[in-house]
Q: 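Have a look at this one before I ask anything.
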Amino acid sequence: MPSLLSLYINNKAGGLIFHRDFSSAAAKLDINEHLTLASTFNGLAMIMRQLSPVPGSSGMELLEADSFVLQSFDTVTGLKFFVTAEPESKHLDAVLKDVYMLYSDYVLKNPFYELDMPIHCERFIQKLMKLADDYNKRG
């Protein structure tokens, strides 16, 4: 059954501001490896944007491998949301848009949250976990 593995959110400078694993099948990485992964993906996406023969390309949105798929979503404010999932997973672009809606509703409207800083909003995390659980149940 296809499932979400992990979610990453990078700020506009490419720094990791949020990470969450949704499955025991997600890669077992320490915090430094998650930081490295997130910044590497950000740099790779910028290179892809520059190499694209299509003017105005948003860069890399989907990366498919044998053992996982990575879907990316860039916001107009420069945030980058990306999710890893099992290869058969579908509609990951819609999942990322739902995550962005949760971010807008629960993180940005939190008076204690400072932009581009690590996200520690409990309500956001609760809603995010429900979203991931619902996706993983329906496959």
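Quick note: numbers below take in every heavy atom, side chains included, and nothing from hydrogens, waters or symmetry partners.
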Q: How many angstroms lie between atom CG of L7 and atom OG1 of T84, to the nearest 0.5 angstrom?
A: 8.5 Å
Q: Determine, step by step, whether R138 and D134 satisfy the salt bridge (charged side-chain N to carboxylate O under 4.0 Å, His left out) criterion, reporting the C-alpha distance in whole Å, the side-chain angles of both residues, the deciding distance to 0.1 Å, and the verdict.
A: CA-CA 6 Å; R138 69 174 185 256; D134 290 348; 5.8 Å; no
Q: Any non-hydrogen side-chain atom of L79 less than 4.5 Å from a side-chain atom of D74?
A: no
Q: May I ask whether F18 and L115 are part of the same hydrophobic cluster, defined by side-chain heavy atoms of I, L, V, M, F, W, Y residues being less than 4.5 angstrom apart, directly or through others?
A: yes
Q: Donor-acceptor pair, N11 side chain versus L16 backbone, under 3.5 Å?
A: no
Q: May I ask you to decide if L4's main-chain N or O and N136's side chain share a donor-acceptor pair within less than 3.5 Å?
A: yes
Q: Would you say the ring centers of F73 and Y100 fall short of 6.0 Å from each other?
A: yes
Q: Counting N and O atoms only, with roles assigned by atom type, does the side chain of E33 sit under 3.5 Å from a partner on the main chain of D30, one being a donor and the other an acceptor?
A: yes
Q: For the ring pair F22 and Y135, is the centre-to-centre distance below 6.0 Å?
A: no
Q: Within a radius of less than 6.0 Å around CE of M129, do more than 12 heavy atoms belonging to other residues, nucleotides or ligands occur?
A: yes
Q: Apply the test side chain to side chain contact (heavy atoms under 4.5 Å, CB included) to residues D93 and Q71: give CA-CA distance (whole Å), side-chain angles for both, the deciding distance (0.1 Å), then the verdict.
A: CA-CA 7 Å; D93 54 340; Q71 179 84 38; 4.0 Å; yes
Q: Ring centres under 6.0 Å, that's the criterion: do F41 and F82 meet it?
A: yes
Q: For V99 and F124, which heavy atoms make the closest approach, and how far apart are they?
A: O-CE1, 4.1 Å
Q: Under 4.5 Å between side-chain heavy atoms, counting indirect links through other Ile/Leu/Val/Met/Phe/Trp/Tyr residues: same cluster for L63 and L29 or not?
A: yes
Q: Under 30°, 30 to 60°, or over 60°: which ring-plane class applies to Y103 and Y113, parallel, tilted or perpendicular?
A: perpendicular
Q: Verify the cluster assignment for I17 and M117: are they in a single hydrophobic cluster under the rule of side-chain heavy atoms below 4.5 Å apart?
A: no
Q: Does K109 pair with D105 as a salt bridge, N-O distance under 4.0 Å?
A: yes
Q: Could you tell me whether a side-chain N or O of S89 sits under 3.5 Å from a main-chain N or O of A85, the two making a donor and an acceptor?
A: no
Q: With a 4.5 Å limit on heavy-atom distance, are the side chains of V107 and C121 in contact?
A: yes
Q: Consider only side-chain heavy atoms of I, L, V, M, F, W and Y, link residues closer than 4.5 Å, and tell whether I47 and Y8 are in one cluster.
A: no
Q: Looking only at non-hydrogen atoms, find the nearest pair between I125 and R20 and report the distance.
A: CD1-NH2, 3.5 Å
Q: Which pair of heavy atoms, one from G14 and one from N42, lies closest together, and at what distance?
A: CA-ND2, 3.3 Å
Q: Stepwise, does the side chain to side chain contact (heavy atoms under 4.5 Å, CB included) test hold for K12 with T77?
A: CA-CA 7 Å; K12 57 187 160 202; T77 58; over 6 Å; no
Q: Between S6 and A26 (side chain of the first, backbone of the second, donor and acceptor by atom type, cut-off under 3.5 Å), is there such a pair?
A: no
Q: Please confirm whether the backbone N or O of S23 pairs with a side-chain atom of D21, one donor and one acceptor, at under 3.5 Å?
A: no
Q: Hydrophobic clustering (ILVMFWY, side-chain heavy atoms < 4.5 Å, transitive) - are L44 and L70 grouped together?
A: yes
